[in-house]
Amino acid sequence: MFFDVYLPIARHSANVILLFGIGGFVGFISGLFGVGGGFLMTPLLIMIGIPPIVAAASDSNQIIAAAASGAFAHYRMGHVDVKMGLFLAFGGLTGGTLGVRIIQWLRSLGEASFLIKITYVVILAIVGTYMFVESLQSLLKQPAAKAAVGAADGRHFYKRLAKLIPGRLHFEKSGVTVSPLLPFAIGFLVGTLAAIMGIGGGFIMVPLMFYVLRIPMHLVVGTNLFQELILCANVTVRQAVNNHAVDIVLAVLLLLGSSIGAQFGARVSRKLDADQLRLLLAAVVLLVMVKMFLGLILPPHLILDMKGG
Amino acid sequence: MKEIRQISLMVAILLVVTAGGRGPAAASRNLTLAPPEIDIGAFFDGTQLTVSGEIPSACQAVVEVIGERVEEELMRKARRWEMWVNVGEIDIEGVPYLYYAMSSSPELLAPQSSDQPWGYPALRRAAEFKEGSRSVRTARLFDEFIKLKEDHKLYRILPGALNVFPGQQNGRSRIEGAFRFPARLPVGTCKVRLRAIRSRQVVEQQSTALQIQLVGLPAALFSLATDNALLYGFIALAIAVATGLLCGLVFSKGGKLPKGPEH
């Protein structure tokens with residue numbers, strides 16, 4: 001059929017419109033929340049028959065386009081802190097390298113798969129629940145009460161924690177003064193987890209940037225996209241060289257959809273309150289967590305699977 | 001003159017006998033494939049392969065398409081702490097990556113035909129499973145392997161789907177069958193084998209090769225990805241960044257953009 005295209009690295013054919021639609025949907029989520037969307041895209045691609053390792057590698061490739069498109073849109077709105085993003089990305093690159101070593105050690109113990117999946121479910125549950133509860137509480141407060149709370153919100157605890165770390169650097173765009181070690185450490189932690197879980201880490205990075213670094217929400221979105229752009233560029237080239245797993249045809253079709261979707265997502269994000277954004281993201285994260293958990297406890301369709309699945 | 005005619009007649013008879021006569025197991029080379037080879041291009045979505053040939057009369061037939069035998073690495077799931085996770089790696093040898101079989105009579109590909117040299121029972125006898133350096137052999141493991149392969153549409157048996165047309169002019173029967181292959185075909189050479197069977201014995205066997213290859217854009221991209229991986233990676237990166245920025249430019253308005261809400 002004309003609308004089916006052959007993916008030479010995935011060794012599979014897929015419908016062009018379907019791929020474009022998947023890319024558009026995930027791109028919209030990406031522009032809306034400032035996350036890469038890998039935790040949505042990879043499972044969707046596996047569902048349509050793409051081998052998991054090709055899905056993950058090509059997903060990183062298409063994230064670049066959505067991240068570049070979304071970061072550019074947010075940059076033009078004045079919503080990207082480049083300085084902060086570079087510190088986060090540097091930490092992420094370093095953490096990613098460590099994460100790969102940890103995976104190799106876990107595999108030698110024979111417990112990699114179980115621990116990775118449990119880590120995924122636990123992290124998703126913690127992040128999703130915390131964000132959901134906190135943003136719901138914030139939404140339900142009266143505006144006057146919100147103003148009165150002011151600095152005494154949930155981030156006050158993290159503000160005191162951040163003061164314990166030595167060194168001070170002012171990030172003009174975000175309007176925060178913190179130790180440069182803090183964004184590096186956050187990037188390092190997320191990079192390590194992302195390498196272990198095989199994702200971009202946006203859904204962990206976004207709450208950490210908001211709660212710990214105290215960056216305003218609309219700067220969080222654009223800045224996260226900027227640092228994800230750097231990290232995914234690294235992952236794409238490494239996957240292409242080490243695993244020959246990047247399918248350009250698949251990535252191009254996805255990124256055409258996601259680039260356009262990210263633009264619409266960025267525009268919609270301007271119309272939503274920060275609390276609403278966090279609540280929506282928390283709901284998405286929790287849904288993915290439930291799906292993963294069910295995948296762990298329900299009997300699988302097949303006891304055997306191709307390696308790399 | 002009479003002797004010359006007799007000698008000529010004997011030579012003619014000898015020529016006819018040697019030209020037309022063949023041993024009972026010798027193949028008549030009339031096994032044909034349509035298409036003769038499979039080209040995987042940019043819009044490949046699987047293909048139909050029609051196999052036709054001739055067998056001796058009053059015979060049943062089995063046609064197999066057998067891919068190359070490769071060692072495959074599989075992950076095995078088991079229940080641990082009430083959760084289903086990958087618990088180990090299983091290697092399997094001795095079986096083809098692709099296997100399709102079709103028979104004229106359903107009984108020929110029945111699971112109970114365990115002693116026949118075709119079908120899943122033959123693959124079961126040839127399969128070797130290893131966990132590390134230890135050989136493992138369980139019936140359930142092979143059944144799960146078949147389920148996995150069928151789920152990926154790499155294995156399929158079609159009992160009774162092969163058509164036999166008896167009463168050809170040369171006294172033989174014509175067979176014809178069609179396989180529908182998925183897009184996920186292995187590149188390489190497959191063997192297509194036709195067996196004529198009478199009273200559960202193979203009376204004739206023919207085989208031919210089926211070439212499966214990448215052509216056009218898929219071939220060029222695959223070659224670039226494997227032979228120049230670093231360049232391929234940077235091309236993928238450049239395309240993604242350029243597309244993202246281009247979309248950003250296309251969607252951006254001229255002049256100052258409105259600021260977002262303050263937080």
Side-chain angles (χ1 to χ4, degrees), chain A residues 1-2 4-6 8-9 11-13 49 61-62 64-69 72-73 76-79 110 113-114 117-118 216-218 229 233 236-241 244 246 248-249 251-252 255-256 259-260 262-263 269-270 273-274 296-307 309, chain B residues 40-46 72-78 80 82-90 141 144-145 147-148 151-152 183-186 214 217-219 221-222 225-226 229-230 232-237 239-241 243-249 251-252 257-263:
Chain A
M1 280 183 63
F2 177 72
D4 286 333
V5 66
Y6 185 75
I9 308 299
R11 298 286 184 91
H12 192 60
S13 76
N61 191 194
Q62 75 79 30
I64 293 170
S69 174
F72 182 69
R76 288 180 67 93
M77 290 188 275
H79 291 163
S113 173
F114 175 69
K117 286 189 175 170
I118 283 294
M217 190 61 194
H218 284 279
L229 172 61
T236 294
V237 175
R238 286 169 70 147
Q239 284 276 27
V241 171
H244 308 292
V246 176
I248 277 184
V249 177
V252 164
L255 62 87
L256 282 173
S259 299
I260 296 169
Q263 289 293 323
S269 79
R270 288 201 337 249
D273 185 73
L296 277 176
I297 60 173
L298 294 176
H301 167 56
L302 298 165
I303 302 296
L304 293 177
D305 203 353
M306 300 292 190
K307 194 177 175 186
Chain B
I40 299 176
F43 301 107
F44 183 75
D45 180 34
E72 292 193 71
E73 295 171 331
L74 308 171
M75 299 303 297
R76 184 168 62 92
K77 285 191 173 72
R80 269 223 191 141
E82 302 306 311
M83 294 182 205
W84 287 92
V85 291
N86 290 330
V87 295
E89 194 177 301
I90 300 257
L141 207 51
E144 291 294 330
F145 174 72
K147 273 171 69 176
L148 174 66
D151 194 66
H152 284 92
R184 194 180 299 178
L185 282 178
L214 292 174
L217 182 64
L221 286 174
F222 187 82
T226 45
L230 186 60
Y232 180 88
F234 278 113
I235 289 173
L237 172 61
I239 290 173
V241 172
T243 307
L245 293 178
L246 189 64
C247 278
L249 278 171
F251 277 84
S252 65
L257 289 169
K259 285 185 181 176
E262 295 296 329
H263 292 273

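What's counted below: heavy atoms across the whole structure, side chains too, no hydrogens, waters or symmetry copies. Chain A is the first sequence line, chain B the second, and so forth, proteins listed ahead of strands; every chain is numbered from 1.
For the set A:Val241, A:Ile248, A:Val249, A:Ile297, the count of heavy-atom pairs under 4.5 angstrom toward chain B peaks at A:Ile248. Most heavy-atom pairs under 4.5 Å with chain B: of the set A:Ala67, A:Ala251, A:Ala68, this distinction falls to A:Ala68. Ranked by non-hydrogen atom pairs under 4.5 Å with chain A, the options B:His152, B:Glu73, B:Arg76 are led by B:Glu73. The most heavy-atom pairs under 4.5 Å with chain A, out of B:Leu246, B:Ile239, B:Ile40, come from B:Ile40.
The two atoms that bring B:Gly41 and A:Tyr6 nearest to each other are O-CB, 3.3 Å, heavy atoms only. Shortest non-hydrogen contact noted between A:Gln263 and A:Ser69 is NE2-OG, 2.7 Å. Counting all heavy atoms, side chain and backbone alike, A:Thr236 lies closest to B:Ala236 at CG2-CB, 4.3 Å. Looking at every heavy atom in both residues, B:Trp84 comes nearest to A:Pro300 through CD2-CD, 3.3 Å. Closest approach of B:Tyr232 and B:Leu221 over heavy atoms only: CE1-O, 3.8 Å.
The closest side-chain donor-acceptor pair between A:Ser13 and B:Asp45 falls under 3.5 angstrom.
Heavy atoms of B:Leu237 lying under 4.5 Å from chain A belong to its backbone as well as its side chain. Proximity to chain B (any heavy atom under 4.5 Å) is shown, for A:Ala233, by both the backbone and the side chain. Of the atoms belonging to A:Val252, it is side-chain heavy atoms, and not backbone ones, that fall under 4.5 Å from chain B. Contact of B:Glu144 with chain A is made through backbone and side chain together, with heavy-atom distances under 4.5 Å. For B:Ala42, the part lying near chain A is the backbone, with the side chain staying farther off; criterion is any non-hydrogen pair under 4.5 Å.
Contact annotation: the side chain of B:Thr243 approaches that of A:Leu256 to within less than 4.5 Å [non-hydrogen atoms, C-beta and beyond].
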